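Just so you know, these numbers come straight off a predicted model, no measurement behind them. Lettering of chains follows the sequences in order, A, B, ..., and the numbering in each one begins at 1.
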2 protein chains.
Amino acid sequence: MNEDKIIVSIVEDTDDIREALRVLINGSTGFECVHVFADAEEALDNMPANDINVVLMDINLPGMDGIGCMKTLKPSMPDTQFMMCTVYDDDDHIFNALQSGASGYILKRTSPAQILEAIRDLHEGGSPMSSEIARRVVYSMQQNNKPSEAIELLTDRETQILDFLAKGYLYKEIAVELFISKETVKKHIHNIYEKLHVQTRTEALNKAYHV
Amino acid sequence: MNEDKIIVSIVEDTDDIREALRVLINGSTGFECVHVFADAEEALDNMPANDINVVLMDINLPGMDGIGCMKTLKPSMPDTQFMMCTVYDDDDHIFNALQSGASGYILKRTSPAQILEAIRDLHEGGSPMSSEIARRVVYSMQQNNKPSEAIELLTDRETQILDFLAKGYLYKEIAVELFISKETVKKHIHNIYEKLHVQTRTEALNKAYHV
DNA sequence: AAGTCAATAACCCTTTCGGGTAATTTTTTA
DNA sequence: TAAAAAATTACCCGAAAGGGTTATTGACTT
């Protein structure tokens, strides 16, 4: 379509905000907004599958929320970037939105100039988000992959065996890998369970890795 | 200490860059750089535990790298923010650094003014990173928690039972939860294993969730 | 109306898991 | 050097998991 302009679509239930955004975008060189929708259902029914570069999506919509709407739309719009534009700045919303496929996340209090800048940035392959939002993302990432403190209780050998358990190895397979008897493997695992206060493999893994 | 100034420390092996950063920081109001180190070992030996607000850390150092250095320093410097300042912009380095405790990540080609801005931002609780870096982070986050395609093969009931398996429930416990017989649970699980081509609970969980 | 799929349930059978206990050897620490 | 911790192996035992098979029911499709 028009290669000079970034084609933007808006899903936002508050009339004033929706219109303000539309006017902002259509009044700026290099941007164009043809389609606006007041709720998720309207967007799902009428959003054109092609030719949309960026969707500005409010999270708090009546009925289906913006994240659900994006999840539904995204498969049929592989070349479109989604930017959440919302008042929520809590970890759950941020994390959920980004994990569900949003590439940008800005707050509604963002200035008009910054909104335009964010749209351009998103369209050019960036992930616009404020520095505080980035910190939330980084923090949650750090929490994710860190093994729990529980693992500190384990000896090196026990940790090693726990890793095999995580891969789904049988006792006898671990025994072969480590050149020890199956009974020894069992004893180690028994000790691991005692230290972690669990009774099964899955409980142990949930406790040792994961949050 | 001095509450007006942001106290910065630098770990960087290239003499020119290290000196340029020191001069930049000491020449700017509101910033001060007293300690600079040419490698990780020197930093570990001489870094003061307190009074450092921000550490600018190069990743590519001779001997121990910057990420390892940060990991070692961090426990004794809980109030200090680490910012990686490097030429690497690949996913592995970015992800590794942030997951290991860095709160900011900037590239060496960042302009002096932006470096100062990033330091201030970091000190005020943000996570400065360029928009492209943010995109990498978001992308990796999206990859992480998405269930594999394998799960598409499962029926609703099977997915539901798989969730119980993930929590470590016994067959009979699942049976009680769902008001069905233990044999039925077993049959469902058997079907799940067949669809996923696995033989054990842990293998199934690894295949269904996770990469 | 016939056929498929999903959910339900039961039976037989073997392997694996995990608890309890005891004992020996090696390594580490006090 | 003595004591403590970690790693090793073995045996008994019951519970749980998992393979294979068969069958009934209801819902959906053709």
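For the pair A:Leu205 CG and C:dC17 P, the computed distance is 13 Å after rounding to whole Å. In this structure, A:His188 atom NE2 and C:dG18 atom P are separated by 15 Å, rounded to whole Å. If you measure from atom CD of B:Glu194 to atom P of C:dC5, you get 14 Å, rounded to the nearest angstrom. As a whole-Å value, the separation of A:Leu196 CG from C:dG18 P is 13 Å. For the pair B:Lys187 NZ and C:dC12 C1', the computed distance is 15 Å after rounding to whole Å. In this structure, A:Arg157 places its CZ atom 17 Å from C1' of C:dT28, rounding to the nearest Å.
Put simply, B:Thr155 has no side-chain N or O that comes within less than 4.0 Å of OP1 or OP2 on C:dA6. OP1 or OP2 of D:dA17 lies within a sub-4.0 Å distance of a side-chain N or O belonging to B:Arg201.
Comparing atom distances between the A:Glu183 side chain and each of D:dA10, D:dA17, D:dG20 picks out D:dA10 as nearest. The listed nucleotides are D:dA16, C:dT8, C:dC11; the one nearest the side chain of B:Leu170 is D:dA16. Closest to the side chain of A:Ile189, out of C:dG18, D:dG18, D:dT8, is C:dG18. Residue B:Ser181 places its side chain closer to C:dA10 than to any other of C:dT21, C:dA10, D:dG19. The side chain of B:Lys172 lies closest to D:dA16 when the candidates are C:dG20, D:dA16, C:dA10. For A:Ile180, the listed nucleotide lying nearest its side chain is D:dT8; candidates were D:dA7, C:dA9, D:dT8. Of the candidate nucleotides C:dG19, C:dA22, D:dG19, C:dG19 has the atom lying nearest to any side-chain atom of A:His190.
Among the heavy atoms of the strands, none lies under 4.0 Å from A:Lys182. Residue contacts for B:Thr184: at a heavy-atom cut-off of 4.0 Å it reaches a base atom on one of the strands shown.
Between A:Glu41 and A:Asp39, the shortest heavy-atom distance links the atoms N-OD1, 3.1 Å.
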